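Reminder, nothing fancy here: chain letters follow the sequence lines and each chain counts from 1. Note that this is a predicted model, so its numbers are computed, not measured.
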2 protein chains.
Amino acid sequence: MNAPIVSPALTKNQALVFDALNRAEGPMSAYTILDKLRDHGFRAPLQVYRALDKLTEFGMVHRLESLNAFVACAHREHECCGGAQGHGHGTVAFAICESCNQVMEFHDHKVDHQLGDWAKSKGFKPSKTTIEIRGLCEKCAA
Amino acid sequence: MNAPIVSPALTKNQALVFDALNRAEGPMSAYTILDKLRDHGFRAPLQVYRALDKLTEFGMVHRLESLNAFVACAHREHECCGGAQGHGHGTVAFAICESCNQVMEFHDHKVDHQLGDWAKSKGFKPSKTTIEIRGLCEKCAA
DNA sequence: TTAGAGATGTAATGTTATTACATCAATTGC
DNA sequence: GCAATTGATGTAATAACATTACATCTCTAA
Ligand SMILES: [Zn+2]
Ligand SMILES: [Zn+2]
Ligand SMILES: [Zn+2]
Ligand SMILES: [Zn+2]
């Protein structure tokens, strides 16, 4: 099954974590989230990790592998390139500014299809694809 | 400066780590490498991390972000898509089998250029790009 | 010969993630 | 109503990954 099109009802902990990520300006580590939620009763890492697992499964949150951190989903496109991954669309990519920590989430058909073609040609069956560009955003590169 | 075309002379520790990675069938974590090299005098994680840093800088080793692990470079292509990254070629991508842990390293012009175009259009200056496809290799998917 | 740069050794610490086990709450079937 | 199941939660302990700090050591260039 793919992730549901409509966001599922969140549990209390999931809602707290999702809210924290939405308020944040950039990605946060699980332990940073934990610290932000201590006032709301969070005491242990597992409370955060469990919520993040579900939110990721729902496609509402993405994990940035090169940062060991998490961001709320920011994609604004229609469903496309439907596949086994993500929010019912194809692979998501991220551009991460190493100066201001801003993250841009985007989806690129051509990249997605090209990687899909490569996989097909090799008989490789993708389950999850990570694309992360580290560098400097326009503002910070100036 | 880009990485040198010719591999530089390696220090003793760098050579030991590189050799361990080349002998390995798949990616290894820094601590796994440490354990393999205890007989050769390695005692602390930092000895491994320092060597890995240099080898990565030389383009002889790649870090797999989604695994927190390292592989010896396996690319066999000519220099192309020259850029600020890697061994004098463009971005490298990896397909990682979650069943047998085999890793395929490849370079795809179209993907590279497409991501480069996206960056250009946004004024983003890439320093390092990570592309990792997790899934099942042909053999394991059968 | 001495000052600087780079490599090394070691210990301690910091950061990220998981395992194990107990408990609680909502749902289902009887 | 009342077990049985399922999923969410709480807590502690531990595992896995990575860095900081500091002391040597070696080579080389002035
Ligand atoms: Zn998204
Ligand atoms: Zn920036
Ligand atoms: Zn390579
Ligand atoms: Zn396989």
Side-chain angles (χ1 to χ4, degrees), chain A residues 1 3-4 7-21 24 26-58 60-71 98 101 128 130 132 134, chain B residues 1 4 7-21 24 26-58 60-71 96 98 101 128 130 132 134:
Chain A
M1 274 294 293
S7 302
L10 298 181
T11 67
K12 186 183 165 219
N13 285 1
Q14 287 160 16
L16 284 166
V17 168
F18 187 57
D19 194 55
L21 279 172
M28 284 196 291
S29 77
Y31 279 77
T32 303
I33 295 170
L34 174 58
D35 285 339
K36 297 241 183 218
L37 294 179
R38 290 210 186 268
D39 293 343
H40 295 273
F42 274 49
R43 310 284 302 164
L46 197 50
Q47 295 174 288
V48 177
Y49 281 110
R50 286 202 273 229
L52 287 171
D53 281 349
K54 286 295 181 185
L55 291 168
T56 300
E57 182 185 324
F58 298 155
M60 300 170 69
V61 162
H62 300 291
R63 173 182 169 81
L64 300 175
E65 300 288 354
S66 68
L67 290 180
N68 293 333
F70 302 83
V71 284
E98 295 179 305
N101 297 314
K128 178 172 189 218
T130 297
E132 297 177 17
R134 304 282 296 266
Chain B
M1 276 293 291
S7 303
L10 299 180
T11 67
K12 185 184 166 216
N13 285 0
Q14 287 161 16
L16 284 167
V17 169
F18 187 56
D19 194 54
L21 280 172
M28 283 197 292
S29 76
Y31 278 76
T32 301
I33 295 169
L34 174 58
D35 285 339
K36 298 240 181 218
L37 293 180
R38 290 208 187 268
D39 292 345
H40 295 272
F42 274 49
R43 311 281 305 164
L46 196 51
Q47 294 174 288
V48 177
Y49 282 109
R50 285 201 273 229
L52 286 172
D53 282 350
K54 285 296 181 186
L55 292 168
T56 300
E57 182 186 325
F58 298 155
M60 300 170 69
V61 162
H62 301 292
R63 173 182 170 82
L64 300 176
E65 300 288 354
S66 67
L67 290 180
N68 294 333
F70 303 83
V71 284
I96 303 165
E98 295 179 304
N101 298 313
K128 177 170 190 220
T130 297
E132 297 177 17
R134 304 282 296 266

For this session: Could you tell me whether the side chain of A/Arg50 has a donor or acceptor atom within less than 3.5 Å of a complementary atom in the base of D/dG10?
Result: yes
Does [X] have a side-chain nitrogen or oxygen under 4.0 Å from the phosphate oxygens OP1 or OP2 of [N]?
{"X": "A/Asn68", "N": "C/dA17", "answer": "yes"}
{"X": "A/Thr11", "N": "D/dT9", "answer": "yes"}
{"X": "B/Gln47", "N": "C/dT8", "answer": "no"}
{"X": "B/Asn13", "N": "C/dG9", "answer": "yes"}

For this session: Starting from the 5' end of DNA chain D, give me the residue, A/Tyr31 or A/Lys54, whose nearest nucleotide shows up first.
Result: A/Lys54
Exercise. Counting only N and O atoms by type, is there a donor-acceptor contact under 3.5 Å from the side chain of B/Arg134 to the main-chain atoms of B/Ser66?
Worked result: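 Indeed, once roles are kept as given, a pair shorter than 3.5 Å links the two residues.
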For this session: Would you check if the side chain of A/Glu132 reaches a backbone N or O of A/Leu64 as a donor-acceptor pair within less than 3.5 Å?
Result: no
Exercise. When you look at B/Leu37 and B/Asn13, which way does the side chain to side chain contact (heavy atoms under 4.5 Å, CB included) test go after all the steps?
Worked result: CA-CA 10 Å; B/Leu37 293 180; B/Asn13 285 0; over 6 Å; no
Problem set entry | Stacked pair B/Tyr49-D/dT19, distance under 5.5 Å, angle under 30° |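 No, B/Tyr49 does not stack on the base of D/dT19.
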For this session: Can you tell me the distance, in whole Å, between the CG atom of B/Leu34 and the P atom of C/dA11?
Result: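 Rounded to the whole Å, the gap is 13 Å.
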Exercise. Is A/Arg38 salt-bridged to A/Asp35, cutoff N-O under 4.0 Å?
Worked result: yes
